[in-house]
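All remarks here apply to the structure that follows.
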There are 2 protein chains.
Amino acid sequence: MTLPTILDRCETQGLRLTGPRRVIAQVLEDASDHPDVETIHARAAEQDPSISVATVYRTVKLFEESGILERREFGDGRARYEDAEREHHDHLIDLQTGEVIEFVDPEIEALQEKIAERLGYDLKGHRLELFAVRRK
Amino acid sequence: MTLPTILDRCETQGLRLTGPRRVIAQVLEDASDHPDVETIHARAAEQDPSISVATVYRTVKLFEESGILERREFGDGRARYEDAEREHHDHLIDLQTGEVIEFVDPEIEALQEKIAERLGYDLKGHRLELFAVRRK
DNA sequence: CTAAATGCAAAGCATTTGCCTTGAC
DNA sequence: GTCAAGGCAAATGCTTTGCATTTAG
């Protein structure tokens, strides 16, 4: 069973499948990194130079609100996006180099419930995001 | 043994103790939350209305570069600051309400080294920051 | 056809910076 | 007295938005 593509999920959500949206969806489908809007726009523009940055902003916001993408803030002032349906993982971010390392740690996963419980905090539908920040 | 105040550390660092810096240092000393620049400025202005926002920005940046403060990005677009000398803790952030819960989990602390090792990533001088994000 | 989506440019915010004045040491 | 620090306003960088035009369904 293959996971549904971003485009599939756009259809499921009943989103209008415009030219720009198809291109942006494909760009994100192909991305193995965590592109920011400028990067997404650059890649989309390779397919269709008429796509504007404003549309990229509007589209990633729409996709995020539809649960298709997840927005990440890595501390460098711009938002980055990645497919929300990818298997869960955490991030190690080096603020000096901008390097982002993905990882999954079973013990950390197991700690999520425990921590929430200890704090009396309802984690339902939430996620723990782990950051290792190399400060200056 | 009492911990050195922010002002103490400014002196240790050889920073010039100007009026605005004294006030901003005291504001941060008194803060039990994670104030952003606007908030810090509002509190500082109560003591001295002539302090400008630009100075608050310059001062928190200086303090951060001096290791006196730590900058936090909680995903709402503005930076927040807290005393770097406070005992280590992580944060649970609810992006919907802006609520920030501090906590320390010994198991998570113990996992830091392990994770870094597993990734071949040098954590020296770094820190794991934990976020639980309630998305929309 | 009709409402939603796009492009473009202007507007918004948070933050930074240039420049001249003020003040700490 | 000197050079760093501060105030003010302009500039910057990322993101959003108003409006006229295009387009998916």
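Any value given below was found using the heavy atoms of this structure, including those in side chains, with hydrogens, waters and symmetry copies removed. This structure is a prediction, so every number in the text was calculated from the model and none was measured.
Pairs passing the ring pair (Phe, Tyr, Trp, His ring centres under 6.0 Å) check and including a residue from residues 11-31 of chain A, sequence neighbours excluded, do not occur.
Rounded to an integer number of Å, the gap from A/Leu62 CG to D/dT15 P is 17 Å. Rounded to a whole Å, the CD atom of A/Glu73 is 14 Å from the C1' atom of D/dG13. The nearest whole Å value for the distance from the CG atom in A/Asp36 to the C1' atom in D/dT15 is 12 Å. The nearest whole Å value for the distance from the CZ atom in A/Arg80 to the P atom in D/dC14 is 11 Å. In this structure, A/His41 places its NE2 atom 16 Å from C1' of D/dG13, rounding to the nearest Å. B/Arg21 has its CZ atom 11 Å from the P atom of D/dA4, to the nearest Å. The separation between B/Arg78 atom CZ and C/dG12 atom C1' is 14 Å, rounded to whole Å. Regarding B/Asp76, its CG atom lies at a distance of 9 Å from the P atom of C/dA14, rounded to whole Å.
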Which atom pairs link the protein and nucleotides 10-12 of chain D when you take only N or O atoms and keep those under 3.5 Å?
none

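Inter-residue side-chain proximity for A/Leu15 and A/Ile68 is flagged as met; some heavy-atom pair is nearer than 4.5 Å. You'll find the side chain of B/Arg22 stays beyond 4.5 Å of the side chain of B/Gln26, heavy atoms only.
The 5' end of DNA chain C is approached more closely, in terms of each residue's nearest nucleotide, by A/Thr55 than by the other of A/Thr55 and B/Val37.
At least one donor-acceptor pair closer than 3.5 Å links the side chain of B/His41 to the backbone N or O of B/Ile51. Panel note: side chain B/Arg21, backbone B/Arg16; a donor-acceptor pair is recorded below 3.5 Å.
Residues satisfying the side-chain contact (heavy atoms from CB on, under 4.5 Å) criterion with A/Glu82, sequence neighbours excluded, are A/His34, A/Arg72, A/Arg86, A/His89, A/His91, A/Glu102. Applying the side-chain contact (heavy atoms from CB on, under 4.5 Å) rule to B/Glu85 yields the partners B/Arg9, B/Asp83; only residues at least two apart in sequence or on another chain are considered. A search for side-chain contact (heavy atoms from CB on, under 4.5 Å) contacts involving A/Thr55 returns A/Pro20, A/Ile24, A/Ser52, A/Thr59, not counting sequence neighbours.
Atom CD of B/Gln13 is surrounded by more than 12 heavy atoms from other residues, nucleotides or ligands within 6.0 Å.
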Subject >> Under 4.0 Å protein heavy-atom contact, by nucleotide of nucleotides 16-25 of chain D - B base, S sugar-phosphate only >> reply: BBB----BBS
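Taking side-chain N and O atoms only, B/Ser52 has no distance below 4.0 Å to OP1 or OP2 of D/dC8.
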